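What follows is one structure encoded as structure tokens, with my remarks underneath.
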Protein chains: 2
Amino acid sequence: MTTSRVTIKDVAARAGVSKGAVSLAFNRKPGLSEATRERIFTAARELGWEPNLTARSLSSSRVDVVGLAICRPARMLGLEPFYMEFVSGVESVLTEHACALLLRLVRSVEEEAGLLESWWRGRQIGGAILVDFRADDPRVVAAERLGLPVVAVGHPSLTGSLTSVWTDDATAVTEAVRYLAALGHRRVARVGGAAALGHTVMRTAAFDAAARGLGLTGAWQVATDYSGEAGARATRSMLTAAPPDRPTAIVYDNDIMAVAGLAVAAEMGLSVPRDVSLLAWDDSQLCRLTHPTLSAMSHDVHGFGAEAARTLFGAITGRGPGSHPVPTPVLTPRGSTAPPKV
Amino acid sequence: MTTSRVTIKDVAARAGVSKGAVSLAFNRKPGLSEATRERIFTAARELGWEPNLTARSLSSSRVDVVGLAICRPARMLGLEPFYMEFVSGVESVLTEHACALLLRLVRSVEEEAGLLESWWRGRQIGGAILVDFRADDPRVVAAERLGLPVVAVGHPSLTGSLTSVWTDDATAVTEAVRYLAALGHRRVARVGGAAALGHTVMRTAAFDAAARGLGLTGAWQVATDYSGEAGARATRSMLTAAPPDRPTAIVYDNDIMAVAGLAVAAEMGLSVPRDVSLLAWDDSQLCRLTHPTLSAMSHDVHGFGAEAARTLFGAITGRGPGSHPVPTPVLTPRGSTAPPKV
DNA sequence: GAATGGGACTTTACCGGTTGAGGAAAGCGC
DNA sequence: GCGCTTTCCTCAACCGGTAAAGTCCCATTC
């Protein structure tokens, strides 16, 4: 009921000091005796005062909020364990710095670029995390132009002069293909993510290169929108191909599509991994909840988010641009991959 | 590079008016001629000015940010499609009001109560959305004491005097049980969510009542932590029970556990729905990506989030407490439910 | 004993908007 | 031509903090 109208002035009055002193105490700056400091904290505690962050950031012109806009259809977002895990990693670091996360779902990168400008101009955020880069991403130019401190989650080749945090997807794709080839697979397919995304392009190229390098003749890949439906559709079309073309192993660009692929195989009466091997990507817990369990290219998404947040703090505090690779996804074999049936 | 140091004063100067006039124009308040208004907008556009929201909320003491804290282990969060869909529903309404969402993951409701107080005292949020109520939830008292406008997502019996938005879970559970009984099942089990959550308690009671009412002798339910692992464990222990006790149908409290249950059945060589029927809850797209597809108690989670946000705006603008039911989940039969084998 | 220095605060000028109290000019009735 | 509204706009006081400059007092130092 009592709308807390307690301000720094009340605390100052109660502690018998000026508001400047209260400010010094709460920002742990030197220039106050221990006794006074203590008196101020006591007064604040008694009144239940907390500094008004709005006022603080107005006068100190630093904002303890970072923005994150995600640009994927709501439908897919919910299913994609990646984002929530990423966000939770980001949070874990932000929390340490008493920093908050402003989240927004957008429909296009153009909208996102506009939003970032708005947020920054309106002093709503002190920095931002950018994900899902595409070729010639408008956000690169926007962030540079605005001088907005950001961390770009994506390969340096996509993020221009922005500070970036990225995984080496090309190497991971190569490892995946090598593994399947080592098992004896010759016809390997890949169900990729959205073609517009930069990392999809890179994975696609890496897949091609790896397949060619290993002399795999039947390499075949398609792009999807990352949704389970699309994954199912792609899998169905691959598995219904005439036997000489039919892949014996399929790599997916996320978990969901791999799960959907597993269902398609079951629905077609094919046994995994006897008739076809499946390899997922990202490796959320979902991969351990299926039967058979899904082999996957696994990485620490939570840690990825945390690293992104740490890097963002670096950018906000003026550290110049840089490129921060995080560990490459590693192959985690489970029940869905095996040598092809002879 | 050019840190945008454009302020209302610059715009005023350029348009040849006072800053008060600019303020009036940008808040669409009366008292300005069309011509002046136009001149001001032009000047603002030319300078690329956007009002500093920090300054605005300091002087107008209204904050266009709402808080949402989610209290579940990161592990589970990622997998739970519910939250992202809910958030996307919330967003869809917030966006219309040019309002932002402050998100935070917390480890306990106590921490959340503290956070809300901090956010509110620090004028970081204008209101909050509270989810996952438990019995005697400390957030109820906290929100009341602070006078913080909130919308509580949970049954009115759990949310005290707070404005609430809720689904009638008891009715939905009853419908689920009735459906399975109508198919001929006599031994129906339920894999519930976290026992500490209020809605779990209500669903548990409703399940018991429904089973008793229908004279089902083998009703059996357990509580879990909502994780896929726990769902798998529960399913395994149910399906390994001696035949007279073994349930022929299992209802799950979310999607993930149902998916895990499906895998367990497969791993045990049981056929779904021939040997056992499974019924999921929430019905994200995941239910359509399995084989067989999962029958589910289905509701519009996106719409649920949107309604919560709308109701919150009501609370913020001073509308008194109220209780807003949203549509009860409805049964959506798919491939995982059938009459029991005789 | 005057000059120096520094610790402990206070003062005061912002930060960039909003808001309510005016004030000048134009329109209107008589 | 005078008072009275309206319309349109200016002024100045906030909002609740921060930060740089200023004040005071006391201990040193020469």
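Within every chain, numbering begins at 1; the chains are lettered A, B, ... in the order of the sequence lines, protein sequences first and strands thereafter. Values in this document were obtained by computation on a predicted structure and should not be read as measured data.
Note on B/Leu32: only backbone sugar-phosphate atoms sit closer than 4.0 angstrom, heavy atoms only; bases stay farther off. When heavy atoms are screened at a 4.0 angstrom cut-off, A/Thr36 is found touching the sugar-phosphate backbone but no base atom. Here A/Thr7 lies in heavy-atom contact (under 4.0 Å) with sugar-phosphate atoms only. Residue A/Val17 is in sugar-phosphate contact alone, with no base atom involved, counting any heavy-atom pair closer than 4.0 Å across all strands shown. Across all strands shown, B/Lys19 has heavy atoms under 4.0 Å from base atoms, whether or not it also approaches the sugar-phosphate.
Annotation: of the two residues near DNA chain D, B/Ala55 and B/Arg37, the 5′-most nearest-nucleotide partner is B/Arg37.
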For A/Trp49 and A/Phe26, what are the C-alpha separation, side-chain angles and deciding distance, and is it a ring pair (Phe, Tyr, Trp, His ring centres under 6.0 Å)? CA-CA 11 Å; A/Trp49 177 73; A/Phe26 264 75; 4.9 Å; yes

Could you go step by step and tell me if A/His97 and A/Phe313 meet the ring pair (Phe, Tyr, Trp, His ring centres under 6.0 Å) rule? CA-CA 9 Å; A/His97 293 69; A/Phe313 278 114; 3.9 Å; yes

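No salt bridge links B/Arg134 with B/Asp132; every basic N to acidic carboxylate O contact stays at or beyond 4.0 Å.
Between the CZ atom of B/Phe26 and the P atom of C/dG17 there is a distance of 10 Å, rounded to whole Å. Between A/Arg121 atom CZ and C/dG17 atom P the separation is 12 Å, expressed in whole Å. Straight-line distance from the CG atom of B/Asp64 to the C1' atom of C/dG17: 14 Å, rounded to whole Å. Taking atom CG of B/Asn27 as the reference point, atom C1' of C/dG17 lies 9 Å away to the nearest angstrom. If you take NZ of A/Lys29 and P of C/dT10, they are 17 Å apart, rounded to a whole angstrom. Atom-to-atom, CD of B/Glu38 to C1' of D/dC8 comes out at 17 Å; the value is rounded to the nearest Å. Distance NZ (A/Lys9) to C1' (D/dT18): 15 Å, rounded to an integer number of Å. A straight line from CG of A/Leu24 to P of C/dT11 spans 14 Å, rounded to a whole angstrom.
Phosphate contact (OP1/OP2 of D/dC15, side-chain N/O of B/Ser59, threshold under 4.0 Å): absent. One finds a side-chain N or O of B/Arg5 lying less than 4.0 angstrom from the OP1 or OP2 phosphate oxygen of C/dG16. In terms of phosphate contacts, B/Asn52 brings no side-chain nitrogen or oxygen within less than 4.0 Å of OP1 or OP2 of C/dC15. The phosphate of D/dT18 (OP1 or OP2) has a side-chain N or O of A/Ser23 nearer than 4.0 angstrom. Residue B/Ser33 places at least one side-chain N or O under 4.0 Å from the OP1 or OP2 atom of D/dC9.
Distances were taken from every side-chain heavy atom of A/Arg56 (C-beta onward) to each of D/dT18, C/dT18, C/dG17; the shortest belongs to D/dT18. Across D/dA19, C/dT18, C/dG17, the shortest atom-to-atom separation from the side chain of B/Ile8 is found for C/dG17.
A donor-acceptor contact under 3.5 angstrom links the side chains of B/Glu144 and B/Ser161, judged on distance only.
Contact check for A/Arg62 versus A/Asp64: side-chain heavy atoms found under the 4.5 Å cut-off. Side-chain contact between A/Val17 and A/Thr36: present, with at least one pair of heavy atoms (C-beta onward) separated by less than 4.5 Å.
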